[in-house]
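Okay, structure first, notes after.
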There are 2 protein chains.
Amino acid sequence: MTPGGAATTARSGEGLKAFEVVLRWVDDRILGGQLAVGDQLPAERELARMLDVSRAAVREAVRTLQAQGIVRSSVGGGGAGGTTITGGSTNALSLLLRRHVALSIFPAPDVVEVRVSLERLSVRLAAANATPEHLAPMRALLDVMADPGIDRSQFNDCDTAFHVAMADAAGNLLVRDLTAAIRESLRLPILDRFHALQSWSEVAETLRGDHQSIFAAVARGDGEAAAALVEDHIRSAWRILEGAVQR
Amino acid sequence: MTPGGAATTARSGEGLKAFEVVLRWVDDRILGGQLAVGDQLPAERELARMLDVSRAAVREAVRTLQAQGIVRSSVGGGGAGGTTITGGSTNALSLLLRRHVALSIFPAPDVVEVRVSLERLSVRLAAANATPEHLAPMRALLDVMADPGIDRSQFNDCDTAFHVAMADAAGNLLVRDLTAAIRESLRLPILDRFHALQSWSEVAETLRGDHQSIFAAVARGDGEAAAALVEDHIRSAWRILEGAVQR
DNA sequence: GAGCTGCAGTGGTCAGACCAATCGGGCTTG
DNA sequence: CAAGCCCGATTGGTCTGACCACTGCAGCTC
């Protein structure tokens, strides 16, 4: 192949960029079922040779897939090395949303509104599906947050973890990842407002109460009550924090 | 800098990979407000020099951001060229979800469940906020789908477009992108089932009716009715399609 | 003044190189 | 013969330096 050439050097198809050729190749295999979770991609050098692109192009494609939480790369020979199609949950959604929120591409009120819908679903499912193994970590988080001396940052982290644990208990993977992503994307904005708060201990007490009642409703399997409580929790908390200055 | 070196060549911080250094730099500017929508990143060569990494590393980072719909790159000099922080909606979420669904990382039933929640919110907001300018395209889509001779693929595309138009009318950007992403991620699976269907014209007629009533409810501002209808629509449609074989 | 032309800057791409991590198999040693 | 060590092959990670095609703008031409 001729050395340089922007976008297309007689690339068989249309104006596909080199890394898009690789992406396409992977997509085709995924759709066709030749590539599934747990499988490995060919080594970068080999893929480059196969598709007649440079290794740099392959790497860019791999980074794209990595950013989407589709693959995981690790060095070394043998079975463990190489680029593998990832199965479990990643924080790809979180990273994406975090940046979007930070750029105000998604306004915070929009995000809050979606969060309400999502967490209503989350607790409703959790109330129906939660096992003791799911409830235990939530209780532990509640205990940590109960400490009067806990600092705002830690509290915020536990708060996030609590909502994620709830989504975990829901047993719906998309709900889980989406909830985690949304709460995570709000982590910094919320923390800023926590710090701007005058009446921190008072607010913390309110949040503690909210969490307790939500947990209780879920634990006793009352999905509707839990949904109402969580909606209230999110909306009222946001109302309180809204006023605080940012950064 | 020494030429090679995996992961760390005395990179100031921890085991940050080269492209992560770039990512970090961008994140810091975003969080700090020095980078906002519409701004340009420094040229790749300059960024590489500034951060003391190779241009390849910068490009990998840019690809990551591009995969997340954060930036857009274009060649050429002057103000238009370069890498720019993107504002509007991208299909980044769609691409991410599509691959996850194709890999069954998110099981279809999980996705459908989330879709119900999201679209309930979508139509409720649309009923409250839709203007005639929003309703017109939906009506047009409905007309296209009304054609008895329309083929399944076109119908499917219009169906997607209808739901997205609805989310557009909701006036919530995150709802819009998520709805589009989810429906889009289901496009192929649904199309496969459409083709496997025995009683296509019958099913199409049902879907037409569903869409009409949802549209009517939204047009008259009855959010609750619309929410109930859309939930019914999604669930019953999925139930019908579920049986059909895949691929 | 209108139109063209060339330069400079930008992303797109490639080739070739070396580094560090890792696994396995073969060799050494007890 | 078994346990352990070591070296080589493989893989991703990174860098350098180069060239291409596209674009806008300044300066030149007519």
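Residue numbering restarts at 1 for every chain, and letters A, B, ... go by the order of the sequence lines.
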- [ ] Work out which heavy atom in Thr84(A) is nearest to a heavy atom in Gly38(A); give both atom names and the distance.
- [x] CG2-O, 3.6 Å

Open item on the list: With a 4.0 Å limit, can you tell me whether Thr83(B) has a side-chain N or O closer than that to the phosphate oxygens OP1/OP2 of dG11(C)?
Closed with: yes

TODO: Grab the CD-P distance between Glu46(B) and dG9(C) for me, whole Å please.
DONE: 11 Å

Open item on the list: In whole Å, I'd like the distance from the NZ atom of Lys17(B) to the C1' atom of dC15(D).
Closed with: 17 Å

- [ ] Compare the minimum distances between each of dT11(D), dG11(C), dC15(D) and the side chain of Ser73(B), then state the nucleotide with the smallest one.
- [x] dG11(C)

Open item on the list: What I want to find out is whether Arg183(A) reaches Asp159(A) closely enough, with some N-O distance under 4.0 Å, to be called a salt bridge.
Closed with: yes

Open item on the list: Has Asp192(B) got a side-chain atom pairing as donor or acceptor with Pro189(B)'s backbone, closer than 3.5 angstrom?
Closed with: no

TODO: Give the rounded distance in Å between these two atoms: CG of Asp52(A) and C1' of dC14(C).
DONE: 11 Å

Task: Set of residues satisfying ring pair (Phe, Tyr, Trp, His ring centres under 6.0 Å) with respect to His100(A), sequence neighbours excluded - done: Phe106(A)

Open item on the list: What is the separation between atom CZ on Arg72(B) and atom C1' on dT10(C), rounded to the nearest whole Å?
Closed with: 13 Å

Open item on the list: Mind checking if Gly76(B) touches a base, just sugar-phosphate, or nothing, with heavy atoms under 4.0 Å?
Closed with: base

Open item on the list: Using side-chain contact (heavy atoms from CB on, under 4.5 Å), reason through Leu41(B) and Leu35(B) one step at a time and then give a plain yes or no.
Closed with: CA-CA 8 Å; Leu41(B) 259 49; Leu35(B) 274 180; 4.0 Å; yes

Task: Bending between helix ends of the helix from dG1(C)-dC30(D) to dG30(C)-dC1(D) [5 pairs per end, 10° resolution] - done: 20°

- [ ] For Asn172(A) and Val175(A), indicate whether the former's side chain and the latter's backbone hold a donor-acceptor pair under 3.5 Å.
- [x] yes

- [ ] Starting at atom CZ of Arg49(B), determine the distance to atom C1' of dT10(C), rounded to an integer number of angstrom.
- [x] 14 Å

Task: Whole-Å distance separating the CZ atom of Phe19(A) from the P atom of dG12(C) - done: 8 Å

TODO: Mark yes or no for a side-chain to base donor-acceptor pair under 3.5 Å between Arg45(B) and dG9(C), with no hydrogen or angle criteria applied.
DONE: no

Open item on the list: Would you compute the distance between atom NE2 of His195(B) and atom CZ of Arg152(B) and round it to the nearest 0.5 angstrom?
Closed with: 6.0 Å

Open item on the list: Rounded to whole Å, please give me the gap between CD in Glu44(B) and C1' in dG17(D).
Closed with: 15 Å

Task: Nearest atoms (heavy-atom pairs only) where Val62(B) meets Ser73(B) - done: CG1-OG, 3.8 Å

TODO: Give, ordered by number, those residues of residues 54-68 of chain A having at least one heavy-atom distance below 4.0 Å to an atom of DNA chain C; if nothing qualifies, reply none.
DONE: Ser54(A), Arg55(A), Ala57(A)

- [ ] Give one of base, sugar-phosphate or nothing for Gly82(B), where a contact means two heavy atoms less than 4.0 Å apart.
- [x] sugar-phosphate

TODO: Can you see which heavy atom on Ala169(B) is nearest to which on Asn129(B), and at what distance?
DONE: O-CB, 3.8 Å

Open item on the list: Rounded to whole Å, please give me the gap between CG in Leu47(A) and P in dT10(D).
Closed with: 17 Å

